[in-house]
There are 2 protein chains.
Amino acid sequence: MTTENLGRRERKKAATRQAIADAALTLFLERGYDAVSIKDVADAADVSVTTVFKHFSGKEALVFDLDQEMETGFVEAVQTRPSDQSVVDALHDHILALWRAFEGHSQRNQFVALIDSTPVLRAYADRMWTRHTKTLGTALAKELGQDANDPTCRAAARLILDIPALTRDGADSEAAIRAVFSLLRDGWSDGNRRFN
Amino acid sequence: MTTENLGRRERKKAATRQAIADAALTLFLERGYDAVSIKDVADAADVSVTTVFKHFSGKEALVFDLDQEMETGFVEAVQTRPSDQSVVDALHDHILALWRAFEGHSQRNQFVALIDSTPVLRAYADRMWTRHTKTLGTALAKELGQDANDPTCRAAARLILDIPALTRDGADSEAAIRAVFSLLRDGWSDGNRRFN
DNA sequence: CTACATAAGTGAAATAATTACACTTATTGT
DNA sequence: ACAATAAGTGTAATTATTTCACTTATGTAG
């Protein structure tokens, strides 16, 4: 799907990019993120340092080869949902699907460990998700017939995109997902209880 | 309160730190963040580059001289609230107070413009708030008699700390605050409406 | 098929943030 | 007064990132 029907040039370009990403991930998992320089990655992939920067915006981006697919995924999830489904339910299903797909990856544990142990990568990962707050918020607003900048839609979008960040520091991911969607559906009864 | 009853050493240290922060802010507002190097700041404050790094963890930190006070502020807000007040109400009050204090600053507009126009600073500001998710979440859990890692408490904490990030990209701050607390109190009725 | 335009890749050099190190100087507590 | 300690200095090294002028491969119009 991604490497089809393209000219030789495009194919070679994609191959180079992939070689760099692969070399980077291998080295990072082997030695740790900070112990690997961009030059190391370039050498391992047999390209120049300049070429690495032609393909990736910076060192952190070498770790996350996805990013863009995510944004469209969320937006599509709400737009193409069955007509009798609420947007909250659609997003709930989407997240669960993403989660299960991620679970079934062999390198998953190493990968998570790499990110958890590298502050720069944690920060980058968080931003990677929350960067799409505006887009998802607008998509939600459109679905519900609200203004594009509707603050409630944006806040809801943000809370949902916070989920990956919430599943760190020894938190149970599935519980975090449940908690977020419970908040969205019913609010926070505990927090609103008064003590008098 | 901050510069009292300290020895000469501590006082000079604080003065140096302040001189650096002041020089940095002045230069950043004048020329823009990227056009000012750490060396420029050091020269303007008449200290060595090394000294700058002794006081601030990095270039971004030069802009945000608060950070730590914020965390304790939120935690105290919930702990010292009147006994007939819910934690949500206490946090609502606290945020509104912070907001009003910030409004009454002469440099506020320039400051906001500086951050909005500098991607690195936006990212840093977001992290600065959400960094305290775990602490505030734990404090909330303790108040409510839940487990320290209770996912709902943590999610609620995160949503509240998201507020500053939500007030960007042409969003109305007060509306964002209202939206977040409405979500916390009653959930998201619009998002849960089904269309059949 | 040829020639030209263009995009990918190269290599070197410049800039700037960040860290390490060995050193001087000022402050503090005894 | 003195020894311990913390603040500050200056230099040098490391490394991410950008810029630039250059080569080479590919695609394409004629």
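Convention: sequence-line order gives letters A, B, ...; per-chain numbering from 1. The structure displayed is predicted, hence computed values, not measured ones.
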What is the separation between atom [atom1] on [X] and atom [atom2] on [N], rounded to the nearest whole Å?
| X | N | atom1 | atom2 | answer |
| --- | --- | --- | --- | --- |
| B:Phe28 | C:dA17 | CZ | C1' | 12 Å |
| A:Glu60 | D:dA16 | CD | P | 10 Å |
| A:Asp34 | D:dT15 | CG | P | 11 Å |
| B:Tyr33 | C:dA16 | OH | P | 13 Å |
| A:Gln18 | C:dG9 | CD | P | 13 Å |
| A:Asp43 | D:dA16 | CG | P | 12 Å |

Letter per nucleotide, 5' to 3', of nucleotides 19-30 of chain C [B base touched, S only sugar-phosphate touched, - untouched; heavy atoms, 4.0 Å]:
BB-----BBS--
A:Asn192 versus A:Ser189, side-chain donor and acceptor atoms under 3.5 Å:
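No, because no side-chain N or O of A:Ser189 sits under 3.5 Å from a partner of the opposite role on A:Asn192.
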Given the ring of B:Phe28, does B:Lys59 sit roughly above its face, with NZ or CZ under 6.0 Å from the centre of the six-membered ring and within 45° of the axis?
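Because its charged atom misses either the 6.0 Å distance or the 45° angle limit, B:Lys59 does not stack over B:Phe28.
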For A:Val120, which contact category applies under a 4.0 Å heavy-atom criterion: base, sugar-phosphate, or nothing?
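Here A:Val120 touches no strand at all.
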Does one hydrophobic cluster hold both A:Met70 and A:Val75, with members joined at side-chain heavy-atom distances below 4.5 Å?
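The answer is no; the residues belong to distinct hydrophobic clusters.
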A:Asp46, CG: over 12 other non-hydrogen atoms inside 6.0 angstrom:
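No, the 6.0 Å shell around CG holds no more than 12 heavy atoms from other groups.
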Plane angle bin for A:Phe64 and A:Tyr124 - parallel if under 30°, tilted between 30 and 60°, otherwise perpendicular:
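Parallel.
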Ring centres under 6.0 Å, that's the criterion: do B:Phe74 and B:His132 meet it?
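Ring-ring flag for B:Phe74/B:His132: false, centres at least 6.0 Å apart.
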